[in-house]
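Everything on this sheet refers to the single structure shown next.
For this chain, numbers begin at 1 and follow the sequence in order.
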Amino acid sequence: MVEAHHHRPTLKQTNKRFKSKHATKSALKDAAKGRIARTSPKASTNTNASAQTRLNRRNNAKQAQAKKRIALISATRVFNGVDGAPRIVAVIPLCPDVDPKAIVTSLAASLDVSADDCPQSGLWKMKAERFRTSLQFINVPYKNFYAALDGCKAADYVVFALSTSVEVDTWGDTLLRTLQAQGLPDVVTLAAPDPTIDPKSRPGILKSLLSFIQYFVPSQTRVFDMHASSDRLNALRALSEGKPTDVRWREGRSWILGETMEWEDGQLKVTGVVRGSSLSANRLVHLPNFGDFQIAKILSTALPRPSKSGQTATMDVEPMVLAEPDVEEADSLVSSNDPDDLANEQTWPTEEEMNGGGGLEQASLPDAENGTTPKRVKRIPKGMSAYQASWIVDDSDDEDPDDAKGEDEEVEMEEIAEVEEMQDMSMDEDMESERRVAFEDLDNEEEERQLNSWRNREREEEDDLQFPDEIDTPQDMPARVRFQRFRGMRSFRTSPWDPFENLPRDYGRIFQFEDFKRTERSVRRRAEQEVAVVEPGNRVTVILKDIPQEAAITGPVMMFSLLQHEHKISVLNFTVQRNTEYNGTVRSKDPLLLCVGPRRLHINPIYSQHTRGGGKGANNVHKFERFLRHGLTSVATTYGPVIFGTQPCIFLRETSDTQAPQLVAMGTFLNPDTTRIIAKRIILTGHPFKVHKKTATVRYLFFNPDDVHYFKPIQLHTKHGRTGHIRESLGTHGYFKAHFDGPINQMDTVCMSLYKRVFPKFSRLWTIGGGREITAADDDAMQE
């Protein structure tokens, strides 16, 4: 049978394979190839587990909320109740036309409280029945700089009062920057009431004031207008509700704002409410402008309540003694050690000195009578008069042992010169004094004016920036004498330097901590565990011993407690940065005013380089800085009382106006490291006179061969990075041959770095009338 012919189909249909969702376990394992599928944390196959997780989240949120509520209640408990502590509010005007009394009166008017007895400057207490609290205002007049700083240290809230018509001047700007560096509590900004302002322009003015204050206090969201009654009430609500923000440097410390002061027989009674931490009678307290004092006792004081007649009722409650200092545990007022000079290295006296000879016999000789003193004999050419002879400089006056090498040349000149016949003439001392030029001291004002005109500090700072630490070798005296206290170092970072060698006598007066961090932890732990203390919120009367009477009449007393050992003198190091708005020159040892914690000190700090991360390096040697420059973090060092904690510091420069200082720098306390070596560097420079590959003849670095031999072991370096050593001295003018580690350029400069350790100066307590030394050791301006 013949097969039929089949045409090839043009379309071929291929059906898809069937995909089964119920594959076997082995098939799924082979398809995964060892991979493990990640389960989503949000996806849960168990409905009960999902519900349990939701309940746990709700429970955790509820517990956190309850914890915050309990913390808020415990923090504000000190302000609640009839006898609750008042909220301290410092009113700071920033413009000359703002009256702090008018601001307080406007706030009191929102609660219908009379403010007729509110003073222009000082304390005033107001009860805010609507908010169940009381407010204590500190009215600070305009341009009272230091009262504003002290008021903000003790305040719970700070009210900045701005003007709607007058801009903030330079004084207000400096005060804001200083308070910002010092640390601010909660801030409320107000605009003083001014009915003359157009209502349409008022929102724009408030917006401009808000933009200004946010530059210094970014947390501000609005400026309250005292012209509107609703803003007055809202501003008062912001001061009366909530928990005040804690200032970090006040943590672990207590303070009292003195409501009443009474001085009697050298004792000052300060009545107020204990704030902050618990108050101990064993610790010292600090009064700004007066210093540190001891507590005699702490008494309980009841809050006087007004009677029905409106007058203050006298309470017949006998005060109780809450705490008294323990004789063994109380801190003393001794701030420095008494160095023992016999413990230093001494030269053993000779037998003649021990027998009383030598100096004692000479001291017993009587003074010579007038006219019996032998005259000076001078050798002069024959025939010369006494007047001509007085102008001849004797060879013995200028004779130097170093000039013995040039005697051979003088002998040759003497052979050529004509020999003159000489004679001896006795010279009277009065005759020689006739040729001396008369000299008169200028008065202090004229001397200071000429000195300031001659010394251009800005030019010196620019020269030091361009040629750091470079000085010229003196020609009038040997370099080995001028720089005898300096030393050479092969490596500034790794070369050893004993921190206890050649210390000044004042170093024996200060205290040193073996481990400062461990001491701070133990001091704070003992303060927390102390039993005989007064808890915050109690109204007490603190009796202080040996207080001057001026402390009771200078205004409200703000008393700050000190931790243990904070009265001892040690070396203080601060990390500081310059104020960007201050353009003056800041040189090391310039007198400045240091504000740190509750203290204000007169200091003459020295500046040094700050190692990144605060490290000490291998030898704890840091380079001395002659100037404090913009944009760099430096370390300021001075002697002063010990500080615990990360305390902010402010450096001010006083002007002719006592209440208008200039803000120079700000920073924080670093450590009281007494072994920190601040090395002053000088660089002597010379010129390569002749160059041959790696060898060069250098001149102008020294000017006599003895100096070359003296400084021969010290390594040389060039500005192009070459290092070398002195090979030999050439001639008599200080030339020498040096060999370097590579070819030297004729245009290069040969340098030699020398170092010596410098020390700061003791600080003095600052007062408005002047300064009082913290310690009696203030001998030298800067000991080297």
With sequence neighbours left out, which residue pairs that include part of residues 468-497 fulfil the ring-ring contact (aromatic ring centres under 6.0 Å, His included) condition?
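Non-adjacent pairs meeting ring-ring contact (aromatic ring centres under 6.0 Å, His included): F483-F486, F492-Y755.
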Pair listing, ring-ring contact (aromatic ring centres under 6.0 Å, His included) test, anchored in residues 669-701, at least two apart:
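For residues 669-701, and leaving out neighbouring residues, the ring-ring contact (aromatic ring centres under 6.0 Å, His included) pairs sorted by first residue read F574-F669, F689-Y735.
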Run the side chain to side chain donor-acceptor pair (under 3.5 Å) test against [X] and tell me which residues pass, sequence neighbours left out.
X    : result
N579 : none
Q662 : none
E566 : R253

Partners passing salt bridge (Lys or Arg N to Asp or Glu O under 4.0 Å) against [X] (at least two apart in sequence or in another chain):
X    : result
E514 : none
D469 : K623, R626, R681
E728 : K737
R487 : E501

Side chains of [X] and [Y]: is there a donor and an acceptor less than 3.5 Å apart?
X    : Y    : answer
R653 : Y582 : yes
R676 : S608 : yes
H622 : N620 : yes

Identify the heavy atoms of A618 and T494 that sit nearest to each other, and give their distance.
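Heavy atoms of A618 and T494 come nearest at CB-CA, 4.3 Å.
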Compare every heavy atom of Q577 with every heavy atom of T633, then report the nearest pair and how far apart it is.
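In this case the closest contact between T633 and Q577 is OG1-NE2, 2.8 Å.
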Results of side-chain contact (heavy atoms from CB on, under 4.5 Å) for T473 - residues two or more places apart only:
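For T473, the residues satisfying side-chain contact (heavy atoms from CB on, under 4.5 Å) (neighbours in sequence not counted) are A479, L684, F703.
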Not counting sequence neighbours, which residues clear side-chain contact (heavy atoms from CB on, under 4.5 Å) with M477? List them please.
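If we apply the side-chain contact (heavy atoms from CB on, under 4.5 Å) test to M477, skipping adjacent residues, the hits are P474, V481, R482.
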Is it true that a side-chain atom of D741 and a backbone atom of R722 form a donor plus acceptor pair closer than 3.5 Å?
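Here the side-chain-to-backbone pair does not exist.
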On the 0 to 90° scale, with breaks at 30° and 60°, tag the H565-F513 ring pair as parallel, tilted or perpendicular.
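Taking F513 first and then H565, their aromatic rings stand perpendicular (interplane angle over 60°).
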Would you list the pairs meeting salt bridge (Lys or Arg N to Asp or Glu O under 4.0 Å) in which at least one residue belongs to residues 568-586, sequence neighbours left out?
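Counting only pairs at least two positions apart or across chains, the salt bridge (Lys or Arg N to Asp or Glu O under 4.0 Å) contacts touching residues 568-586 are R177-E581.
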